[in-house]
Amino acid sequence: MSFLSFRYVLFFLVIYLINWIYVGGCRCLKQKSYKKYSTLLLVESYAFIIISDWKTAICLFLQTIIVYFVSKGMNKYRNNRRLFITIFTCGIVFSIGQLITYKYCDFFVQSIGEILGFTYETKIIHFVPLGISFFTFSAVGYLIDLYRKKYCVFEKLDELALYLAFFPKFISGPIVRADKFIQQTKGGFCSVSLQNLQIGIQYVVWGMFKKMVMADHLAVFVDEVFKVPTAFNSATCLWAIISYSLQIYFDFAGYSDMAIGFSKMLGINIDKNFDLPYISYNITEFWKRWHISLSSWLQDYLYISLGGNRKGKIRRYFNLIITMLIGGLWHGASWNFVMWGGIHGIALVIHKEFMKLRNKYLIHPEQGKTKKKIWSIVVTYIFVCITWVFFRAETFSQAISLLVQSVTIREGIQQIYSWTFLAIAFAICEIIYSVIRCNKKAEKRVEISYPILNLNTIGGLFLFFALTGLTIILAYVGQVAFIYGKF
């Protein structure tokens, strides 16, 4: 059930009305704790999942039950090291095993078949649960945190169930940390308020604008060029690569904004997931600004678990590349994703070595600082755009064909898509607004800022409805699925 479907809008309106009445009733009764509100959210989340795909609900419930009893067993036998590790390992193996079985079984069988020289076209797995990549990572992160004794186990099954099933983040994230989530739900809370409604609905509209107006229009042009790159001239192929870099940003940033907004309206705060990634000075900073919930998860639960930087330089860089390879594979069952992750892993290693040499031999680090920053942003963006080709292309040969077509003088159809200019202008406006806001706050690091309006004023309401109307008028009328929905 997509955020942009009429069915979802109707579903959210109904459950929000129910929640508003419930919380309002609790206020009238002057109750300080709303313990049953989290149960209400759990019922609504499972209703959302069942309506979307009832088989996913069964897989999620099984995952929840296993993780719950594994966590209780870990808590019970914490002093028995061998049994504690055995129980923990069983929980991790089950969670990762379920993800591999549903999402990668056919991919591995076909890959092995190609290596051995035979073709296996029959599908073994005919069903992939919705959001399995996201709720699996949430469950694994929770178990690893318990192993590291970062916080106490969820005492009640419904607490864990809500954490894994909370519907605004279920299908495509962001990946929320268990401790941050439980702090907001444990013991009950009352955050379904007019203020949260005003803030949340603006996040949703901004997300819809990014997705429906920007990303979906760009998708039309990008799909045409990537499908047959040799039919277009070099300038058009290059324009398509730039367009895709904007499409994927607006698509998933738009989804994340909507997820944050819907959660806010229901009383749950979710951290930002994108932070102006295309103003990054280097590839390391890019991964601190792009898909923050995933990149931080990979760092905290995979890279550190492999040993991080504690076992020497060679092992550190090996761990980094392995982390990015797995991060690439997480996005989908394709060697293109693995290639994309591997390129980013190698780039991170090169950047870290470059920074060491620079800090060691550069005599005047401040000389020409502004020009260097601008060039750093440009070079980083160009590199990211090149790697996006492997991410988007269906095959490796298609990716190479598009890159060759872009950098060599080739004849073909010329189409300089006008929506790309509008997307660039919007992205620049987003950056300028954020820079101005950060300068006013005297912050050294530029972070994304949203123009949250005061809807209690006539001017605020006018601007809000103007943006809403503009989104409806300019929205692409075709059906374009969220890119990350398939991951």
Side-chain angles (χ1 to χ4, degrees), residues 96 99-100 102-108 110-112 114-115 128 132-134 136-137 140-141 172-175 226 241 244-245 247-249 251-253 273-274 277-278 280 282-309 314-354 379-400 402-403 483-487:
I96 299 298
L99 175 62
I100 292 173
Y102 282 114
K103 192 172 178 180
Y104 301 105
C105 183
D106 287 323
F107 168 68
F108 288 137
Q110 290 171 6
S111 298
I112 292 170
E114 290 176 3
I115 293 171
V128 179
I132 187 169
S133 298
F134 291 93
T136 297
F137 270 26
V140 170
S172 295
I175 304 170
F226 271 81
I241 294 172
Y244 182 67
S245 73
Q247 180 202 347
I248 192 170
Y249 168 66
D251 188 284
F252 197 37
N273 204 25
F274 287 83
Y278 293 144
S280 302
N282 51 65
I283 195 64
T284 300
E285 185 183 0
F286 173 80
W287 278 104
K288 292 179 180 178
R289 292 178 177 272
W290 178 271
H291 203 335
I292 299 168
S293 65
L294 173 63
S295 58
S296 61
W297 192 99
L298 291 172
Q299 178 183 13
D300 294 344
Y301 299 115
L302 183 55
Y303 174 70
I304 292 177
S305 297
L306 290 171
N309 57 5
I314 295 176
R315 179 62 184 272
R316 175 193 182 189
Y317 291 158
F318 173 79
N319 293 339
L320 190 56
I321 292 174
I322 290 296
T323 297
M324 294 309 298
L325 286 171
I326 294 175
L329 186 61
W330 175 88
H331 284 85
S334 167
W335 288 114
N336 272 28
F337 291 125
V338 178
M339 172 75 71
W340 171 79
I343 294 171
H344 273 273
I346 294 169
L348 288 168
V349 170
I350 293 172
H351 174 253
K352 293 186 186 304
E353 279 298 301
F354 169 77
V379 170
T380 302
Y381 176 70
I382 291 172
F383 170 79
V384 169
C385 282
I386 292 171
T387 61
W388 281 140
V389 175
F390 294 96
F391 190 94
R392 170 60 180 80
E394 294 181 4
T395 62
F396 180 77
S397 59
Q398 186 187 65
I400 296 299
L402 181 60
L403 288 173
I483 293 175
Y484 269 76
K486 61 185 179 182
F487 301 148

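What you see is a predicted model, and the numbers here were worked out from it, not measured in a lab. In what follows, residues are counted from 1 in the order of the sequence shown.
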Test side-chain contact (heavy atoms from CB on, under 4.5 Å) applied to Y303 and L298, step by step: CA-CA 6 Å; Y303 174 70; L298 291 172; over 6 Å; no
Non-hydrogen side-chain atoms of W290 and S295 separated by less than 4.5 Å: no
OG1-CD1 distance between T323 and I304, expressed to the nearest 0.5 angstrom: 9.5 Å
Donor-acceptor contact below 3.5 Å, side chain N319 vs main chain G308: yes
From CD1 (I175) to CG (N273), nearest 0.5 Å: 8.0 Å
Heavy-atom closest pair, residues T387 and W340: O-CD1, 3.1 Å
Donor-acceptor pair between W287 and H344 side chains, under 3.5 angstrom: yes
Other residues, nucleotides, ligands: >12 heavy atoms within 6.0 Å of F318 CZ: no
Closest heavy-atom pair and its distance - S280, P277: OG-O, 2.6 Å
Test item: T136 side-chain N/O and S133 main-chain N/O as donor-acceptor pair under 3.5 Å: no
Side chains of V140 and Y301 in contact at under 4.5 Å (non-hydrogen atoms): no
Whether H291 and W330 hold their rings parallel, tilted or perpendicular, with breakpoints at 30° and 60°: perpendicular
Side chain proximity check, M324 to V349, heavy atoms < 4.5 angstrom: no
Expected output: side-chain R315 to main-chain L306 donor-acceptor under 3.5 Å: yes
Atom pair CZ/CD of F226 and E394 - distance to nearest 0.5 Å: 10.5 Å
N/O donor-acceptor pair under 3.5 Å between W297 side chain and F137 backbone: yes
Flag, side chain of N336 to backbone of F391, donor-acceptor distance under 3.5 Å: no
Donor-acceptor contact present, side-chain Y249 to main-chain Y278, <3.5 Å: no
CG-OH distance between N309 and Y317, expressed to the nearest 0.5 angstrom: 10.0 Å
Residues that F107 engages under ring-ring contact (aromatic ring centres under 6.0 Å, His included), provided they are two or more places apart: W335
Side-chain heavy atoms of I400 within contact of F396, under 4.5 Å: yes
Distance (rounded to the nearest 0.5 Å) between I350 CD1 and T284 OG1: 11.0 Å
Nearest-0.5 Å distance, SG of residue C105 to CG of residue L99: 12.0 Å
Pair L403-F390, side-chain contact (heavy atoms from CB on, under 4.5 Å): steps then yes or no: CA-CA 10 Å; L403 288 173; F390 294 96; 3.8 Å; yes
